[in-house]
Amino acid sequence: QVQLVESGGGLVQVGGSLRLSCAVSVHTFNSLAMAWFRQPSGKEREFVAGSRWTGGSTRYADSGKGRFTFSKDMAKNTVYLQMSNLQTEDTAIYYCAAGYNLRQPELVNPGRFNYWGQGTQVAVSS
């Protein structure tokens with residue numbers, strides 16, 4: 001059974017920072033890939049950042065490069081998304097996602113992830 005539990009969302013002003021956490025409970029970490037997606041109100045879900053649990057590089061959407069950092073704490077089975085210099089366009093529900101046997105280019109495709117957290121709201125005010 002797979003369980004993903006996000007936390008850390010909230011309301012922040014433009015230029016502020018937030019760190020999202022996703023506690024990961026899976027039956028195996030072999031071939032696991034993790035990612036963060038977001039869905040602004042009325043829009044489609046979009047890729048933010050992702051990586052395989054072991055090996056491989058982290059991939060970022062252009063919108064977050066230089067501002068967002070994806071990281072993992074394997075001892076805590078937790079992935080993080082550190083977000084800085086937040087802008088109003090970053091307002092969205094942020095989801096943690098898990099999938100297996102993804103190639104690097106597939107990290108951006110929400111359809112390749114089988115497991116999703118409940119989402120955490122991030123709101124950035126001007």
Side-chain angles (χ1 to χ4, degrees):
Q1 186 175 359
V2 176
Q3 189 173 22
L4 306 174
V5 180
E6 299 109 331
S7 60
L11 175 64
V12 64
Q13 291 187 326
V14 167
S17 299
L18 282 174
R19 188 179 78 159
L20 306 182
S21 300
C22 174
V24 182
S25 177
V26 295
H27 55 281
T28 179
F29 286 89
N30 292 333
S31 302
L32 179 68
M34 299 295 305
W36 288 96
F37 289 82
R38 68 185 184 185
Q39 189 164 17
S41 180
K43 296 185 179 181
E44 293 187 353
R45 196 166 297 190
E46 61 186 30
F47 172 77
V48 176
S51 174
R52 294 175 184 153
W53 189 257
T54 55
S57 58
T58 299
R59 184 162 183 168
Y60 292 93
D62 289 343
S63 59
K65 284 181 180 176
R67 300 187 301 127
F68 294 179
T69 302
F70 177 99
S71 63
K72 304 183 291 284
D73 185 332
M74 294 184 178
K76 296 182 178 179
N77 293 345
T78 302
V79 297
Y80 302 97
L81 184 68
Q82 177 69 48
M83 304 184 293
S84 60
N85 191 22
L86 284 161
Q87 303 297 311
T88 55
E89 54 264 35
D90 296 317
T91 296
I93 299 174
Y94 283 69
Y95 295 92
C96 177
Y100 286 93
N101 300 310
L102 274 72
R103 295 173 297 164
Q104 191 77 359
E106 296 177 312
L107 290 171
V108 305
N109 182 357
R112 290 290 287 117
F113 290 84
N114 301 103
Y115 307 100
W116 294 84
Q118 81 284 0
T120 185
Q121 176 72 53
V122 171
V124 184
S125 65
S126 57

Where the side chain of [X] meets the backbone of [Y], is there a donor-acceptor pair that is under 3.5 Å apart?
| X | Y | result |
| --- | --- | --- |
| Lys72 | Thr54 | no |
| Gln121 | Ala92 | yes |
| Glu46 | Glu44 | no |
| Tyr94 | Glu6 | no |
| Thr91 | Val124 | yes |
| Tyr100 | Asn114 | no |
| Arg112 | Asn101 | yes |
| Gln118 | Val5 | no |

- Query: So how far is it from Leu32 CG to His27 NE2, rounded to the nearest 0.5 Å?
  - Reply: 9.0 Å

- Message: Strictly by disulfide bond (SG atoms under 2.5 Å apart), give each pair with a member in residues 56-88 just once, sequence neighbours left out.
- Response: none

- Query: Got a sec, which pairs hit disulfide bond (SG atoms under 2.5 Å apart) with one end in residues 16-106, sequence neighbours left out?
  - Reply: Cys22-Cys96

Work out which heavy atom in [X] is nearest to a heavy atom in [Y]; give both atom names and the distance.
| X | Y | result |
| --- | --- | --- |
| Ser51 | Gly56 | OG-O, 4.4 Å |
| Val122 | Gly9 | CG2-CA, 4.2 Å |
| Thr88 | Ser125 | CG2-C, 4.4 Å |

- Query: Which residues pass the salt bridge (charged side-chain N to carboxylate O under 4.0 Å, His left out) test with Lys65, sequence neighbours left out?
  - Reply: Asp62

- Query: Does the pair Arg38 and Ser63 meet the rule for a side chain to side chain contact (heavy atoms under 4.5 Å, CB included), with working shown?
  - Reply: CA-CA 11 Å; Arg38 68 185 184 185; Ser63 59; 3.5 Å; yes

- Query: Judged by modelled atom types alone, do Ser57 and Gln104 share a side-chain donor-acceptor pair under 3.5 Å?
  - Reply: yes

- Task: Kindly write out the residues that satisfy ring pair (Phe, Tyr, Trp, His ring centres under 6.0 Å) with Tyr80, not counting sequence neighbours, or none if the list is empty.
- Result: none

- Message: Hydrophobic cluster membership, with links at side-chain heavy-atom distances under 4.5 Å among I/L/V/M/F/W/Y: are Met83 and Val14 in one?
- Response: yes

- side-chain hydrogen bond (donor to acceptor under 3.5 Å, both in side chains): which pairs involve residues 10-19, sequence neighbours left out? none

Check: [Y] and [X] side chains under 4.5 Å, non-hydrogen atoms:
| X | Y | answer |
| --- | --- | --- |
| Phe68 | Asp90 | yes |
| Gln39 | Pro110 | no |
| Trp53 | Met74 | yes |
| Pro105 | Arg59 | yes |
| Val24 | Leu4 | yes |

- Linked hydrophobic residues, Val108 as query - side chain contacts closer than 4.5 Å: Phe37, Phe47, Ile93, Tyr95, Leu102, Leu107, Phe113, Trp116

